[in-house]
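Remarks on the structure that follows.
Here is the naming used below: chain letters follow the sequence lines, and residue numbers restart at 1 for every chain. Any value given below was found using the heavy atoms of this structure, including those in side chains, with hydrogens, waters and symmetry copies removed. It should be emphasised that the depicted structure is a prediction, and the values quoted were computed from it without experimental measurement.
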Amino acid sequence: MSETEKPLNFIERIIRDDLEQGAVKQITTRFPPEPNGYLHIGHAKSICLNFGLARDFGGTCNLRFDDTNPAKEEVEYVESIKRDVQWLGFQWDGDIRFTSDYFDQLHEWAVHLIKEGKAFVCDLSAEEMREYRGGLTEAGKDSPYKTRTVEENLELFEKMRLGEFDEGACALRVKVDMASPNMHMRDPVIYRIKKASHHQTGDKWCIYPSYDYAHGQSDALEGITHSVCTLEFEEHRPLYEWFIENLPVPATPHQYEFSRLEVNYTVTSKRKLKQLVDENHVDGWDDPRMPTVSGMRRRGFTPASIREFCDMVGVTKVKGVVDMGMLEFAIREDLNKNASRAMCVLHPLKVTLTNYPEGQAETMVAPGHPQRDDFPEREMPFTRELWIDQDDFRESANKKYKRLVIGKRVRLRNSYVIEADECVKDADDNIIEVKARIIENTVGNNPEDGIKPKGVIHWVSADQNVNCEVRLYDRLFTDIAPDAGGKDFLECINPDSLEVLSGCKAEMSLANSGIEDRFQFEREGYFVQDSKFSNPDALVFNRVISLRDTWGK
RNA sequence: UGGGCCGUCGCCAAGCGGUAAGGCCCCGGGUUUUGAUCCCGGUAUGCGCAGGUUCGAAUCCUGCCGGCCCAGCCA
């Protein structure tokens with residue numbers, strides 16, 4: 001019992017201690033995406049972490065859009081993010097929050113900092129500011145505008161707010177320490193002019209708070225106890241704390257950092273993902289090959305499998321790259337347990353059973369799931385002409401090949417054992433038909449002559465089946481680290497990442513499947529009915545993931 | 001080169017001074033009307049390296065080495 005308990009990660013341990021020591025009564029976390037792109041697998045980890053923490057420790061988790069940069073943000077993104085969070089199985093506490101909800105308070109506190117002599121309006125240009133900031137090894141120097149009086153700063157800041165200055169003409173900066181070895185402490189900008197209308201506040205503002213200034217204060221306003229973010233914000237923590245100490249905020253949240261999730265053979269950079277979409281390398285943000293939450297949804301991943309994957313990889317401060325195989329394991333594990341089985345022939349090859357009467361048909365019955373009895377049985381007609389997969393027949397083969405070979409037997413899944421006699425070829429020497437015979441009385445029984453077939457193949461009646469299109473996906477990139485420095489990730493794109501198969505033949509039970517229904521096409525893999533291209537008259541299935549294959553096709 | 005952080009099996013990851021969990025991958029074997037699933041078994045005398053403290057060190061100390069991040073009016 002206790003030996004199977006999962007050890008707590010470092011953040012869970014901090015929370016457990018805070019709760020035990022009474023540092024906090026109840027925890028509140030938040031997932032704070034910027035609505036400037038679609039969520040990807042890395043965000044999924046953050047979502048699972050933040051919402052999971054709240055769930056496991058009896059707290060709550062907010063969804064807050066960090067919308068301080070109207071130039072890059074859009075409502076389309078906030079809508080997709082809301083949908084993705086819910087699809088993943090989480091519900092935020094109360095209403096959706098926006099950092100922009102706090103613009104008034106944030107502005108008021110900026111004025112407060114000015115009055116305290118801790119903030120000033122700086123007229124340095126961006127380039128000048130960079131020069132004054134100094135370098136990694138040398139201290140920066142004070143802005144010549146740092147000595148402006150409180151009154152002057154108040155007046156200038158008000159003029160900024162009123163739109164009297166052009167973008168970039170000046171910015172509000174906080175007086176921290178130009179000599180700090182931490183670059184973020186060198187009098188950072190907390191308000192800048194951006195004459196862009198905002199998706200939430202419209203044209204009310206033309207000055208917007210910076211992330212560093214807005215984030216911690218928003219956390220404080222929402223009563224966030226544990227503000228969890230990724231490693232690159234580690235150096236921002238002293239600044240985060242500086243604001244909390246220097247402003248009359250209602251709470252004292254604390255920031256903790258963990259390493260972001262990366263998966264090999266893919267990219268998780270919003271910029272690159274957006275580029276793939278904008279330059280049409282993929283079919284939109286929800287292309288089934290994309291590592292976005294919407295792409296994975298369309299690909300056929302289940303929310304549970306993504307949660308399980310995030311759980312498997314753990315939470316640490318170690319930068320690492322998780323093997324794609326782990327993600328594949330998570331979805332296979334879920335679908336193996338929960339997807340109903342079906343047969344679908346991807347590359348049809350006709351088999352004519354010469355000893356089976358024309359016009360005759362019997363009904364074969366197959367379990368919906370081999371290990372579960374709560375799935376309804378499937379019925380399928382068996383007829384003289386069938387489809388099997390081209391890969392499942394060879395004129396001759398060595399003994400390792402366990403499928404249909406001339407002169408040999410094979411079991412048709414859930415049906416008869418058959419033996420091949422000959423094959424028919426076209427003018428180009430392509431095999432276009434196999435002539436075979438059923439072995440009598442082998443449905444549910446082994447052949448009476450004791451010659452058992454080596455293998456089992458799937459099939460579909462050539463008379464009654466469901467025609468469909470099947471889309472096979474492979475990894476979007478051929479390089480194990482398309483994101484790694486130096487290379488152009490676009491050149492790593494796998495030209496064969498999508499293979500569209502039309503004229504596939506599926507068993508009749510798939511005729512009434514619905515959008516996003518998932519199946520295991522036996523011996524092939526897991527498939528989902530595509531939410532974009534599939535319709536009742538033209539079914540389209542996406543391969544979520546192939547079956548584990550230790551033989552290698 | 002200033003500062004911050006990180007180095008335990010091919011990949012994730014436990015371990016918090018008492019003698020290296022687990023998962024993925026991989027390799028054997030068993031069951032099987034899916035070359036799937038499932039079930040058994042195997043895989044670090046060693047924890048970046050070198051010293052030191054200790055009866056005892058992945059865990060403590062010292063010094064190195066390696067990697068990542070920071071000089072946006074992005075988040």
Side-chain angles (χ1 to χ4, degrees), chain A residues 3-4 6-9 13 32-34 36 66 68-69 71-73 122 124-126 129-131 133-140 167-173 180-186 188-194 207-208 210-212 214-215 229-238 257 259 261 264 270 311-330 332-333 336-337 341 343 366 370-371 400-403 410-415 417 442-444 446 452-458 520-525 546-553:
Chain A
E3 68 232 67
T4 57
K6 218 187 172 213
L8 298 182
N9 64 48
R13 214 170 308 144
E34 182 188 13
N36 68 342
D66 214 339
T68 57
N69 187 355
K72 293 186 175 176
E73 301 153 5
C122 182
L124 252 25
S125 68
M129 207 179 283
R130 192 184 323 121
E131 285 161 23
R133 190 154 34 230
L136 259 21
T137 55
E138 62 287 12
E167 281 190 20
C170 53
L172 185 67
R173 293 223 264 165
S180 173
N182 181 341
M183 300 300 286
H184 301 286
M185 300 297 269
R186 321 252 259 225
V189 167
I190 64 168
Y191 260 99
R192 72 289 206 198
I193 300 168
K194 273 188 187 293
I207 55 172
Y208 292 92
S210 64
Y211 164 84
D212 283 313
H215 201 90
C229 61
T230 44
L231 248 32
E232 65 270 27
F233 293 102
E234 214 155 14
E235 279 200 291
H236 296 239
R237 197 184 337 127
E257 312 86 12
S259 60
L261 169 64
N264 61 17
K270 274 192 201 168
D311 215 54
M312 276 199 306
V313 301
V315 178
T316 66
K317 297 184 71 125
V318 185
K319 287 206 178 186
V321 182
V322 174
D323 200 304
M324 180 76 86
M326 234 192 263
L327 221 200
E328 296 177 345
F329 171 82
R332 279 198 187 103
E333 186 184 44
N336 173 53
K337 287 183 185 135
R341 312 285 124 129
M343 292 198 285
Q371 279 90 225
K400 296 193 76 173
Y401 186 78
K402 309 200 309 192
R403 308 172 192 182
V410 78
R411 158 132 257 147
L412 292 180
R413 177 81 168 151
N414 301 125
S415 183
V417 169
T442 51
V443 176
N446 279 134
K452 290 197 284 189
K454 288 262 258 310
V456 181
I457 65 173
H458 56 101
Q520 181 196 98
F521 288 171
E522 291 186 296
R523 300 208 317 128
E524 291 290 355
S546 65
L547 247 33
R548 185 163 164 271
D549 185 2
T550 50
W551 187 66
K553 281 186 182 174

Distance between the [atom1] atoms of [N] and [M], in whole angstroms?
N	M	atom1	answer
B/G48	B/C11	P	14 Å
B/U43	B/G22	P	11 Å
B/G18	B/A13	C1'	22 Å
B/G28	B/A36	P	13 Å
B/U54	B/G67	P	35 Å
B/G3	B/C73	P	23 Å

Side-chain donor/acceptor contact of A/Arg548 with base of B/U37 under 3.5 Å: no

Regarding [X], tell me which of base, sugar-phosphate or nothing describes its non-hydrogen contacts under 4.0 Å with the strands shown.
X	answer
A/Met326	base
A/Asn69	sugar-phosphate
A/Arg186	nothing
A/Ser125	base
A/Gly444	base

Partner nucleotide, any strand, of B/C49 [Watson-Crick/G-U, under 3.5 Å]: B/G63

[X] side chain: which of [options] is closest?
X	options	result
A/Gln371	B/G4, B/A75, B/U37	B/U37
A/Val456	B/U34, B/U1, B/C73	B/U34
A/Glu34	B/G35, B/C73, B/A75	B/A75
A/Arg523	B/C6, B/G35, B/G4	B/G35

Are A/Glu522 and A/Arg413 close enough for a salt bridge, meaning some N to O gap below 4.0 Å? yes

Take atom OH of A/Tyr208 and atom C1' of B/A75, then tell me their distance rounded to the nearest Å. 16 Å

Stacking between A/Trp551 and B/G35, defined as ring centres under 5.5 angstrom apart with planes under 30°, is that present or not? yes

